[in-house]
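Step one of this worksheet: look at the structure below.
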There are 2 protein chains.
Amino acid sequence: MTLQTAPARPVGSRAADAVVKAIETRIAAGDLPDGAPLPPERDLIETFGVSRTVVREAVATLASRGLVESRPRFRPVVRRPGYDAALAAASGVVGFLLAQSDGVKSLYDIRIFLEAALVRHAAKHARKEDIEALKQALDANEAAIPDSQRFYRTDVAFHAVLYDIPKNPVFPSIHKAFTSWLEPHWVKMERSPERNRVNFLRHSDIYRAIRDRDPDGAEAALNAHLNAAWEYVRGTFDDI
Amino acid sequence: MTLQTAPARPVGSRAADAVVKAIETRIAAGDLPDGAPLPPERDLIETFGVSRTVVREAVATLASRGLVESRPRFRPVVRRPGYDAALAAASGVVGFLLAQSDGVKSLYDIRIFLEAALVRHAAKHARKEDIEALKQALDANEAAIPDSQRFYRTDVAFHAVLYDIPKNPVFPSIHKAFTSWLEPHWVKMERSPERNRVNFLRHSDIYRAIRDRDPDGAEAALNAHLNAAWEYVRGTFDDI
DNA sequence: GCCCTATTTTGGTATGACAAAACAAGCAAT
DNA sequence: ATTGCTTGTTTTGTCATACCAAAATAGGGC
């Protein structure tokens, strides 16, 4: 005699999928608010009438989609995902791709391409507050020239302002993704106050072109800046 | 007396992670070539000395990262991932985000932004072959005006050429991702030969501007095209 | 009220079992 | 000989149970 409940489920689909969908719906409905812990696995078993195997698989799927965050031995926490989560989900494969030949270069070129468009946009549409924010980031960058670690942070922050200007929530997430993906390849680069000063001057060029409403100049300055940076770090990749 | 093997593993990490990493390495090394089925779960149990629970969790993780493709009841198949896999991994969350207010608009704006930069780039750097390809896509588009279904396909193909021109493998994947994400929201739009003709004329404007090496004109034509399309479909979203 | 300890939850893993689908091999019929 | 069917074997999907260790919680002493 079989003790298992009859499947009564279309073949070619997993039982876990139904659970995933149900939980997704609950999150979307706000039933499980952001930050709340997921019900214990043993409760979900009863709720959905499935085995713990299925529940665990479902939770794993949700985690891979960024809808919940699960650390070992902790209750999974609901995370109403933003655009960063979407890009974070891709980061597994991206890491794989970066390890392959020209992977870093391809992605870096995309970044240059996008950022060139961003500075052009900024030169045309930035508002006074935006230019103000850019100026502040630039000043912080200058102040950090002697301290390479702090310089890197202010460098990233300066570029981040460019992604904020269009006021589209996707852009800041893209920036976060780029920095997190490319950062490991950047930290290997030796840094020095002299290099920092050069980079600061490039930032300064970009800032002035934007302030002066010069799209072509801004684009040229940004391309010069990022391409020079690439030439500078290229040496660390000759093993690829 | 415990029958379980001693963990001997730092707390705060999952046993599955080690298996995932090992299989990833084997895929990267070409040990498991593209298209090959993964070894049966029972073999992996022996290979790694873990339980089937762990193996299954590891395989699920690999599947979510796009490194293997698993259909129910079939052996998972190794897929050496490309940039599409990276974006496909994000699609779960993106679907979630598109359902939220302004999600479609945000993403569509990103597409406009990127594509505007692409046509500008094309106007400046497209080679003769690129412009030739664009012309062919345009002709196919024109021929399909009476058949709305075919028109949609040629429409997508026309835009795809723009993503091919920079010769960066990431761009075509981005295009695929955009179309697959936004397509469901597009098919609801009613189509007619008259609308198709309007869209074809816009494509024609873009093509001519690129051919004539006019970045500003190309950007303007593209913005006009995509913004008009948005206005046209906006009505279908007022429920959001 | 605060801190330390004992108990209860809860997630991580192991193991064994069974149904259903896929796969492989062998046999029959045209 | 090739095609099609039947049957036995793999393999996955799921269920059930059990155990451990870490986390959360309750309880008691100060």
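Here dA24(D) presents its P atom at 15 Å from CZ of R42(A), a figure rounded to the nearest Å. Whole-Å rounding puts the E46(B) CD to dT15(C) P distance at 12 Å. As a whole-Å value, the separation of R71(A) CZ from dT10(C) P is 17 Å. Distance, I45(B) CD1 to dT11(D) P: 12 Å, rounded to whole Å. The distance from atom CG of L62(A) to atom P of dG11(C) is 14 Å, rounded to the nearest whole Å. A straight line from CD of E41(A) to P of dT10(C) spans 10 Å, rounded to a whole angstrom. In this entry the distance linking CG of D17(B) with P of dG12(C) reads 11 Å, nearest Å. Atoms CZ (R73(B)) and P (dA21(C)) sit 7 Å apart, rounded to a whole Å.
Across the interface with DNA chain D, nearest-nucleotide mapping of F74(A) and L38(B) shows L38(B) to be the residue nearer the 5′ end.
Counting atom types as modelled, R75(A) pairs no side-chain N or O with a base atom of dA24(D) as donor and acceptor under 3.5 Å.
Considering only side-chain N and O atoms, S51(B) lies nowhere under 4.0 angstrom from the phosphate OP1 or OP2 of dT13(C).
Side-chain contact between L138(A) and F200(A): present, with at least one pair of heavy atoms (C-beta onward) separated by less than 4.5 Å. Taking the side chain as every heavy atom from C-beta outward, H175(B) and L162(B) never approach each other to under 4.5 Å. No side-chain heavy atom of I23(B) sits less than 4.5 Å from a side-chain heavy atom of L67(B).
Listed by residue number, R52(B), R56(B) are the residues of residues 52-60 of chain B with a heavy-atom contact under 4.0 Å to DNA chain D.
Looking at every heavy atom in both residues, P172(A) comes nearest to D164(A) through CG-OD1, 3.4 Å.
Rounding to the nearest 0.5 angstrom, the gap separating the CZ atom in R79(A) from the OG atom in S70(A) is 12.0 Å. The structure places CD of E41(B) at 9.5 Å from CZ of R75(B), a figure rounded to the nearest 0.5 Å.
F113(B) pairs in a ring pair (Phe, Tyr, Trp, His ring centres under 6.0 Å) with only one of the listed residues (Y163(A), F171(A), F113(A)), which is F171(A).
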